[in-house]
Amino acid sequence: MTRVAVVGHVEWVDYVVVSRLPGPGEIVHAESAHEAPGGGGGMAAYALSALSDGSDFWTVVGDDWRAGRTLELLRAAGVIVRGGVRHGRAQRRVVTYLTGDGERTITVLGDRFVPHGDDDGVNWSELSSYDGIYFTAGDATVAQAARGAKVLVATVRARDALIAGGVEVDVLVGSAGDPGEAMDDDLLAATRPRWIVQTEGDHGGSWRAADGTTGRWTAVPLPGAPVDAYGCGDAFATALTASLTRGDGIDAACTLGAHAGAEVLCHRAPAVGDLAQYW
C-alpha cells in the first residue's frame, strides 16, 4: 500500500452561510454558522482521509483553545496530525462566507504561519518515507524535505518556498481562473515540473507535460446539488497526488481529481463526502 501525506497549513474557520454578501451598510441575517478546521492543508487532509481511510498531515498549530480544537476535530476525522506547536501564537482564524451561488468569500484574522524546518520536535526528514506528498505551504527547508517523497505535487500558492528551496516537483497545480495561482517564469524555472495542471471549474481543465505533450479532461457530472466551492481545489490536488502515487497516468489522475472536487462541491464545508467510492 502506498503512503501519502499532506504537508501544509491549517486554519480555524468560522463558516457563515448567507444567501448573499451584504452591501455597504447593510445587515444580512445568516442562515446558519459553524466552526471547524480548514485552510488548504486542512481541507486536503480531510480529503485524503476520506479517499484512503486515514491520512498523515504535517503542519503547525498555535497553542490556544482553537489550536486544541483543531487537533481534536482533525483526529476525529481520521487524520493523523504530525508537526509542531507555535508557542505563544493564537491559531490563525478566518471567516468564510458561503453564499447561495455556491461561492466562498474569505476574511483573514491574524498572521499566517506555516511549517518551518526549525519547528521544535519535528523531524522533517521523515517525509522521505512517503510515496507521495501534496505540499500546500511551508518554508524552504520543509519544501526540500518534502521532495524526498517519490511523488511531490505542490500548489502554486507555495511559490515562495519552492523557489527559495530550489525544489523540483512532479506536478505544479493551480486554478487557471485565479489570479493568485498564476504560474510565472521564475516559479516554472525553479520547480521544473513534470506536469503543469490547471483546473477550470465546470469547464474541466488541462495539463501540459515537460516534453510538450498536452491533454484535457472534462468536468464530471455532479453527484448532487452544488452547495459551496470551499476546498474543491484542495480535494482535486489531493486525489491527483494519490492517483499518481499508486501509478496511474496523468489523465486518470486528473479524472479522479475532478470526481473529488465535484463531490466536495456538493457538501457543506468542511465536509468532503464519500471520496472512497471513486478510489
Side-chain angles (χ1 to χ4, degrees), residues 2-17 33-61 66-83 91-96 98 102 104 106 112 114-115 130 132-138 146 153-155 157-158 173 175 199 222-224 226-243 245 253 256-279:
T2 57
R3 298 181 68 230
V4 183
V6 174
V7 177
H9 62 298
V10 62
E11 298 159 342
W12 184 260
V13 184
D14 291 276
Y15 296 97
V16 182
V17 181
H34 57 285
E35 301 172 79
M43 291 304 297
Y46 282 131
L48 182 58
S49 182
L51 188 70
S52 57
D53 192 27
S55 67
D56 284 6
F57 180 29
W58 292 73
T59 189
V60 62
V61 298
R66 289 188 178 90
R69 283 290 287 161
T70 293
L71 295 175
E72 180 182 345
L73 292 176
L74 286 172
R75 289 165 178 158
V79 177
I80 299 172
V81 184
R82 310 284 299 273
Q91 184 67 28
R92 192 194 201 198
R93 180 183 171 204
V94 303
V95 178
T96 298
L98 305 174
R104 84 286 187 272
I106 300 171
R112 183 174 189 253
V114 301
Y130 290 94
I133 286 176
Y134 173 47
F135 183 80
T136 76
V153 177
T155 172
R157 291 186 179 273
V173 60
S175 167
T199 61
L222 294 180
V227 177
D228 69 65
Y230 191 89
C232 289
D234 304 305
F236 173 92
T238 304
L240 172 79
T241 305
S243 183
T245 301
L256 179 64
H259 279 294
E263 185 74 22
V264 171
L265 180 63
C266 297
H267 288 81
R268 178 65 72 203
V272 296
D274 179 17
L275 301 186
Q277 64 181 304
Y278 307 108
W279 185 243

> Return the set of residues passing ring-ring contact (aromatic ring centres under 6.0 Å, His included) with Phe57 (not counting sequence neighbours), or none when no residue passes.
none

> Is there side-chain contact between Tyr15 and Asp228, with heavy atoms separated by less than 4.5 Å?
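Heavy-atom side-chain distance check fails, nothing below 4.5 Å.
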
> With sequence neighbours left out, what residues match Arg66 under salt bridge (charged side-chain N to carboxylate O under 4.0 Å, His left out)?
none

> Residues two or more places apart in sequence or in another chain: which of them pass side chain to side chain contact (heavy atoms under 4.5 Å, CB included) with Thr199?
Ser175, Trp217, Phe236

> Would you list the atom pairs, donor with acceptor, under 3.5 Å between side chains in residues 34-44 and any protein atom, with sequence neighbours excluded?
unit_1	atom_1	unit_2	atom_2	d
His34	NE2	Ala269	O	2.7
Glu35	OE1	Trp12	NE1	3.0

> Suppose we screen for salt bridge (charged side-chain N to carboxylate O under 4.0 Å, His left out). Which residues come up paired with Glu11, at least two apart in sequence or across chains?
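Glu11: salt bridge (charged side-chain N to carboxylate O under 4.0 Å, His left out) contacts with Arg92.
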
> Mind checking what makes salt bridge (charged side-chain N to carboxylate O under 4.0 Å, His left out) contact with Arg3, not counting sequence neighbours?
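Salt bridge (charged side-chain N to carboxylate O under 4.0 Å, His left out) check on Arg3 returns Asp56.
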
> Which heavy-atom pair separates Val264 from Tyr230 by the least distance, and what is that distance?
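Residues Val264 and Tyr230, closest heavy atoms: CG1-O, 3.5 Å.
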
> Over all heavy atoms of both residues, which pair between Ala239 and Leu256 is shortest? Give the atoms and the distance, please.
O-CD2, 3.6 Å

> Tell me every residue that passes salt bridge (charged side-chain N to carboxylate O under 4.0 Å, His left out) with Arg93, counting only those two or more places apart in sequence or in another chain.
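Scan of Arg93 (salt bridge (charged side-chain N to carboxylate O under 4.0 Å, His left out), adjacent residues dropped) gives Asp14.
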
> Taking only residues two or more places apart in sequence, or in another chain, which ones meet Val227 in a side chain to side chain contact (heavy atoms under 4.5 Å, CB included)?
Arg268

> Who pairs with Pro223 by side chain to side chain contact (heavy atoms under 4.5 Å, CB included), at least two apart in sequence or on another chain?
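Result, side chain to side chain contact (heavy atoms under 4.5 Å, CB included) vs Pro223: Ala262, Glu263, Cys266, Tyr278.
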
> Within the distance-only criterion (no hydrogens, no angle test), does the side chain of Ser49 pair as donor or acceptor with the backbone N or O of Ala77 below 3.5 angstrom?
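Here the side-chain-to-backbone pair exists.
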
> With sequence neighbours left out, what residues match His267 under side chain to side chain donor-acceptor pair (under 3.5 Å)?
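Partners of His267 under the side chain to side chain donor-acceptor pair (under 3.5 Å) test: none.
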
> Please enumerate all residues that pass side chain to side chain contact (heavy atoms under 4.5 Å, CB included) together with Ala146, with sequence neighbours excluded.
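Ala146 satisfies side chain to side chain contact (heavy atoms under 4.5 Å, CB included) with Leu127, Ile133, Phe135, Leu152 once adjacent residues are dropped.
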
> Any salt bridge (Lys or Arg N to Asp or Glu O under 4.0 Å) pairs touching residues 269-279, not counting sequence neighbours?
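Not a single pair qualifies under salt bridge (Lys or Arg N to Asp or Glu O under 4.0 Å).
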
> Would you mind reporting whether Tyr46 and Thr238 have side-chain heavy atoms less than 4.5 Å apart?
no

